[in-house]
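The structure under discussion appears below in the form of structure tokens.
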Amino acid sequence: MSVVVFDKSVAKAPDALQSPQPGAVAALKDGFLANHFDSLYPSASVSVNFGSSGFMAYSLQKQNPLLPRSFAVVDDIFCLVQGHIDNVALLKQQYGLNKTANEVIIIIEAYRTLRDRGPYPADQVVRDIQGKFNFILYDSSNKTTFLAADTEGAVPFFWGSDSEGNLVLSDDAEIVKKGCGKSFAPFPKGCFFTSSGGLNSYEHPLNQLKPVQRVDSSGQLCGANFKVDVDTKKESGGMPRVGSAANWSADY
């Protein structure tokens, strides 16, 4: 299991996730959600504190052997991956990685390629990753987030908004509900999210995404699902590659 919370100054939850129903709390205040996770896995959890920017915590307990979890830190880039990548060998070759590189190292290198002005737009980089996976990446050097889920939504992945608009992420819906009440939803499959670019579809990068309100079994509104709007095209379909000073995500 895992839980990640980013302060809204780093990654603001989409407004459409917020439900009018009460129940959300301040997930970061006094370490509320971090302490809750630690109480669930008191002897088998790892937590990384990002100060005012949030935290990342995970446990290998109750892990699905078919969807393993991996974590790594490289040059102030923290990354948590769940699942598996089918085309590992091809991606290792593409990014010039050695034979020991695993899924999480591949994701970090893909991000570094984008950050350092790589040749592909972000949607192409994520689309090149084949398999059943989700990942959450945080670059503490520039307070940038990068997260994505596979095209089938094969790995459980939920996101929500706490009472302060902070972004809450977990593979356990109950943990997200603890912080967000009804202001949550499954993370949309075939999509990626960045701090400045927000949510985008890498399956349909030229199309806008539109929120569709979710209703639970009791008829109450609870967050939103995001669907590709086939009738609405974006004004620009790619990431500009001019200059080198600006952060890559600021251009997308």
Side-chain angles (χ1 to χ4, degrees), residues 4 6 8 10-20 67 81-87 91 103 106-107 110-111 113-114 118-137 144-161 165 167-171 173 176 180 182-217 220-241 248-252:
V4 179
F6 291 121
K8 62 184 176 184
V10 173
K12 186 179 183 303
D15 292 338
L17 282 179
Q18 297 176 5
S19 168
L67 300 171
V81 176
Q82 186 176 2
H84 61 84
I85 296 174
D86 294 335
N87 58 335
L91 293 173
E103 277 87 352
I106 288 171
I107 298 299
Y111 164 76
T113 299
L114 287 168
Y120 304 112
D123 57 79
Q124 179 65 53
V125 168
V126 184
R127 193 160 58 247
D128 284 346
I129 304 168
Q130 299 170 11
K132 297 179 179 180
F133 67 88
N134 65 51
F135 66 79
I136 303 170
L137 181 148
T144 293
T145 62
F146 185 34
L147 39 138
D150 67 59
T151 57
E152 298 177 8
V155 183
F157 194 25
F158 302 90
W159 66 339
S161 173
L167 186 64
V168 179
L169 304 152
S170 179
D171 57 336
V176 178
C180 304
K182 292 184 179 296
S183 298
F184 83 102
F187 188 86
K189 59 186 180 182
C191 291
F192 69 98
F193 177 92
T194 64
S195 294
S196 60
L199 184 68
N200 291 277
S201 168
Y202 62 84
E203 277 196 295
H204 304 280
L206 300 182
N207 293 89
Q208 297 280 5
L209 290 165
K210 61 180 180 181
V212 179
Q213 287 185 322
R214 299 172 70 232
V215 179
D216 65 13
S217 57
Q220 294 183 324
L221 295 177
C222 52
N225 292 318
F226 289 81
K227 305 292 186 183
V228 173
D229 187 346
V230 295
D231 298 321
T232 307
K233 298 287 186 180
K234 293 181 180 179
E235 292 182 6
S236 175
M239 185 191 304
R241 292 291 165 190
W248 70 270
S249 60
D251 291 330
Y252 195 76

At what distance, to the nearest 0.5 angstrom, does [atom1] of [X] lie from [atom2] of [Y]?
| X | Y | atom1 | atom2 | result |
| --- | --- | --- | --- | --- |
| Phe6 | Ile136 | CZ | CD1 | 6.5 Å |
| Phe187 | Asn134 | CZ | CG | 8.5 Å |
| Asn225 | Leu209 | CG | CG | 11.5 Å |
| Leu114 | Gln124 | CG | CD | 10.5 Å |

Given 3.5 Å as the limit, does a donor-acceptor pair link the side chain of [X] with the main chain of [Y], or not?
| X | Y | answer |
| --- | --- | --- |
| Ser195 | Thr145 | yes |
| Ser19 | Gly223 | no |
| Asp229 | Lys210 | no |
| Asn200 | Asp123 | no |

Can you give me the closest heavy-atom contact between [X] and [Y], atom names plus distance?
| X | Y | value |
| --- | --- | --- |
| Lys8 | Gly165 | CB-O, 3.5 Å |
| Ser161 | Ala13 | CB-CB, 3.5 Å |
| Gln82 | Pro156 | OE1-O, 4.3 Å |
| Ser201 | Cys191 | CA-SG, 3.9 Å |
| Leu17 | Gly160 | CD1-CA, 4.0 Å |
| Phe226 | Pro14 | CZ-CB, 3.9 Å |

I need the full list of side-chain hydrogen bond (donor to acceptor under 3.5 Å, both in side chains) pairs touching residues 150-159, with sequence neighbours left out, sorted by first then second residue.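 Checked against side-chain hydrogen bond (donor to acceptor under 3.5 Å, both in side chains) - neighbours excluded - no pair reaches residues 150-159.
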State which residues pass salt bridge (charged side-chain N to carboxylate O under 4.0 Å, His left out) with Arg214; sequence neighbours excluded, sorted by chain then number.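 Partners of Arg214 by the salt bridge (charged side-chain N to carboxylate O under 4.0 Å, His left out) criterion come out as none, since no residue qualifies.
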Would you please name every residue forming a salt bridge (charged side-chain N to carboxylate O under 4.0 Å, His left out) with Lys12, sequence neighbours left out?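 Scan of Lys12 (salt bridge (charged side-chain N to carboxylate O under 4.0 Å, His left out), adjacent residues dropped) gives Asp15.
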The criterion is side chain to side chain contact (heavy atoms under 4.5 Å, CB included); which residues satisfy it with Asp86, sequence neighbours excluded?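 Scan of Asp86 (side chain to side chain contact (heavy atoms under 4.5 Å, CB included), adjacent residues dropped) gives His84.
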Can Leu169 and Leu147 be said to form a side chain to side chain contact (heavy atoms under 4.5 Å, CB included), step by step? CA-CA 10 Å; Leu169 304 152; Leu147 39 138; 3.8 Å; yes
More than 12 non-hydrogen atoms from neighbouring residues, nucleotides or ligands closer than 6.0 Å to CD on Gln213, yes or no?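 No - once you tally the heavy atoms of other residues, nucleotides and ligands closer than 6.0 Å, there are 12 at most.
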Residues forming a side chain to side chain donor-acceptor pair (under 3.5 Å) with Glu103, sequence neighbours excluded: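 Per chain and number, Glu103 pairs via side chain to side chain donor-acceptor pair (under 3.5 Å) with no residue.
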Stepwise side chain to side chain contact (heavy atoms under 4.5 Å, CB included) test for Val228 and Glu203: CA-CA 9 Å; Val228 173; Glu203 277 196 295; over 6 Å; no
Phe146: which of Phe135, Phe193, Tyr202 passes ring-ring contact (aromatic ring centres under 6.0 Å, His included):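 Filter result, single survivor: Phe135.
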Can you pull out every salt bridge (Lys or Arg N to Asp or Glu O under 4.0 Å) where at least one residue sits in residues 182-194? Sequence neighbours excluded, please.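 Residue pairs passing salt bridge (Lys or Arg N to Asp or Glu O under 4.0 Å), neighbours aside: Lys182-Asp216.
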Report yes if some heavy atom in the side chain of Ile85 is under 4.5 Å from a heavy atom in the side chain of Ile107; otherwise report no.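 Result yes, sub-4.5 Å side-chain heavy-atom pair found.
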Got Thr144 and Tyr111 here, is their nearest side-chain heavy-atom distance under 4.5 Å?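 Thr144 vs Tyr111: side chains touch.
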